[in-house]
Peer 1: 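Sharing a structure with you now.
Just follow the structure's listing: the first ligand is 1, and inside any ligand the first atom is 1. This is a predicted model, so every value here is computed, not measured.
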Amino acid sequence: MLYQRSSELFAEAEKVIPGGVNSPVRAFKGVGGTPIFVKSAKGAYLYDEDGNRLIDYINSWGPMILGHAHEPVIRAITERAKLGTSFGMPTELETQIAALAVSMVPNIDKIRFVNSGTEACMSAVRLARGFTKRDKIIKFSGCYHGHSDSFLIQAGSGASTFGIPNSPGVTQGTAKDTLLANYNDLESVAQLFESNKEEIAAIIVEPVAGNMGCVPPLNGFLEGLRKLCDADGALLIFDEVMTGFRLAKGGVQELFGIKADIVCFGKVIGGGLPVGAFAARNEIMNYLSPIGPVYQAGTLSGNPLAMAAGFAMLNELNQNDVIFKRLDEKTTYLENGIRDVLTKNQIAFTINKVGSMISVHFNETPVIDFQTAKGGDNETFKKFFHGLLKEGIYIAPSAYETWFITDALTYEDLDFTIKAIDTVSKQF
Ligand SMILES: *Cc1c(COP(=O)(O)O)cnc(C)c1O
């Protein structure tokens with residue numbers, strides 16, 4: 001496959017956009033080479049500016065769970081656009097999607113919509129601080145909660161690819177209120193509570209981590225976090241920006257039966273438009289402006305096009321929850337296929353999978369946290385990425401990312417992918 005046109009477009013972009021991209025991982029720094037410019041996408045496939053068709057395993061980093069240009073979502077957006085695209089005033093649609101989300105997700109009474117996952121997590125932490133009247137938060141190395149200042153401390157994926165654990169521009173003052181623990185290591189969390197008694201507002205966690213590859217919580221980890229929070233009076237924030245409306249209707253709370261105090265959403269909830277949201281029980285949500293003291297706002301929050309897309313998406317997932325089972329089956333099929341060919345070709349690897357999130361690590365050892373995720377062989381990953389690209393398969397251009405399986409993938413696509421992985425891994 002040739003990328004002449006993409007290279008030219010990238011050169012033009014670099015002149016007027018820093019690094020040629022509006023989000024760093026897109027620049028291919030983790031794998032080398034030139035980013036691919038997309039022309040269009042439909043179902044499970046991307047069509048690039050050079051005339052290639054690629055099977056897409058990223059799906060806009062999650063939102064396109066039902067495939068690209070999904071008919072009901074596109075219809076909802078186009079119909080809505082004719083009625084005006086933004087008012088800065090309430091619409092009935094906002095109540096409809098809020099009511100639907102609240103009915104699908106356990107333990108939430110109210111939800112507030114914002115414009116990105118970053119905003120959702122940032123606002124959730126502010127709310128937790130206001131509600132508990134405490135300043136500190138605990139986050140886990142390798143977990144990503146968007147690019148707001150408090151979170152850019154060992155933030156996984158994008159940041160890790162570039163080896164910048166702490167971004168310049170984040171002040172010492174902000175950094176000192178973010179305490180770091182190790183994923184799947186309850187002892188590291190218990191120690192932080194021990195040395196910061198009644199000072200911690202919240203733990204924020206990806207309940208299934210997806211920004212250091214896919215890293216499932218070990219048995220008892222999430223239960224343990226719940227207990228530690230309850231014992232100290234801290235809140236437990238589940239960042240379900242990636243997992244929400246993907247792993248189950250009700251996200252990880254439903255999947256593993258663990259109760260969070262605040263839940264953050266993004267990605268799927270916007271159906272491919274820029275949407276985030278955070279939600280909690282009444283007692284907490286009523287702490288928010290205009291009825292409570294914690295301020296939070298947005299000119300385009302609850303934007304009608306975004307709400308229409310999100311509503312169409314959630315509606316379909318709600319009415320058709322066999323989708324989650326089907327996604328899980330497709331992902332298991334892919335997992336087994338990859339396992340077989342990599343074993344046959346004598347490659348050292350680990351595969352992690354939860355529902356429709358999966359990642360392949362070129363590691364000898366299990367990947368359970370950021371430390372072990374970083375142990376993967378990046379040179380092999382680069383060959384893997386570029387090899388698959390030649391075969392017409394697009395996976396994330398970084399070893400620290402999860403693949404997002406879409407329902408639009410057919411078993412033929414999966415077989416084709418497994419065969420390509422066989423071909424590529426023979427040449428490692
Ligand atoms: C993607 C992601 C975010 C950030 O969402 P944006 O919409 O990119 O701001 C936050 N948390 C998690 C777990 C994510 O995967």
Side-chain angles (χ1 to χ4, degrees), residues 21-27 57-65 112-126 128 137-161 167 178 183 202-217 222 225 236-247 251-253 255 260 262-279 296 298 300-301 303 306 309-310 313 352 354-359 370 373 396-398 400-405:
V21 292
N22 281 312
S23 196
V25 71
R26 298 178 196 168
Y57 282 96
I58 298 308
N59 288 291
S60 185
W61 305 96
M64 317 322 291
I65 190 169
R112 166 80 47 99
F113 285 90
V114 292
N115 306 292
S116 67
T118 295
E119 258 188 88
C121 295
M122 177 187 84
S123 309
V125 162
R126 184 184 306 142
I137 58 165
I138 294 178
K139 87 169 275 286
F140 295 92
S141 302
C143 279
Y144 181 66
H145 307 293
H147 64 91
S148 129
D149 285 1
S150 309
F151 304 130
L152 281 185
I153 299 168
Q154 298 208 9
S157 57
S160 318
T161 307
S167 171
T178 301
Y183 202 79
I203 296 178
I204 185 165
V205 63
E206 289 181 64
V208 170
N211 284 289
M212 43 182 163
C214 173
V215 178
L222 297 175
L225 296 182
L236 182 59
I237 303 174
F238 273 8
D239 177 355
E240 297 224 42
V241 170
M242 196 179 273
T243 54
F245 306 104
R246 169 167 287 278
L247 296 185
V252 176
Q253 288 194 94
L255 192 66
I262 306 180
V263 191
C264 305
F265 299 104
K267 303 196 166 109
V268 175
I269 200 173
L273 266 65
V275 179
F278 58 106
Q296 189 280 322
L300 290 174
S301 293
N303 172 270
M313 176 68 89
N352 285 349
V354 179
S356 56
M357 291 164 59
I358 182 170
S359 57
F370 195 38
S398 157
Y400 296 106
E401 305 287 359
T402 300
W403 309 11
F404 300 97
I405 303 307

Peer 1: With sequence neighbours excluded, tell me which residues meet ring-ring contact (aromatic ring centres under 6.0 Å, His included) with Phe265.
Peer 2: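 With neighbours one apart ignored, the set is Phe245.
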Peer 1: So, for Lys267 and Trp61, which heavy atoms are closest and what is the spacing to 0.1 Å?
Peer 2: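 That closest heavy-atom pairing would be CD-O, 3.0 Å.
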Peer 1: Tell me every residue that passes side chain to side chain donor-acceptor pair (under 3.5 Å) with Thr402, counting only those two or more places apart in sequence or in another chain.
Peer 2: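 Thr402 satisfies side chain to side chain donor-acceptor pair (under 3.5 Å) with no residue once adjacent residues are dropped.
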Peer 1: Identify the residue among Phe151, Phe278, Phe140 that makes a ring pair (Phe, Tyr, Trp, His ring centres under 6.0 Å) with His145.
Peer 2: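 Among Phe151, Phe278, Phe140, the one that satisfies the ring pair (Phe, Tyr, Trp, His ring centres under 6.0 Å) with His145 is Phe151.
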Peer 1: For Pro216, check side-chain contact (heavy atoms from CB on, under 4.5 Å) against everything at least two apart and list the hits.
Peer 2: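 Here the qualifying residues are Asn352, Val354.
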Peer 1: Under a strict 4.0 Å criterion on non-hydrogen atoms, which protein residues are in contact with ligand 1?
Peer 2: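 Correct list: Ser116, Gly117, Thr118, Tyr144, His145, Gly146, Glu206, Asn211, Asp239, Val241, Met242, Lys267.
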Peer 1: Does Ser150 offer a backbone N or O that forms a donor-acceptor pair with the side chain of Thr178 under 3.5 Å?
Peer 2: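 Present.
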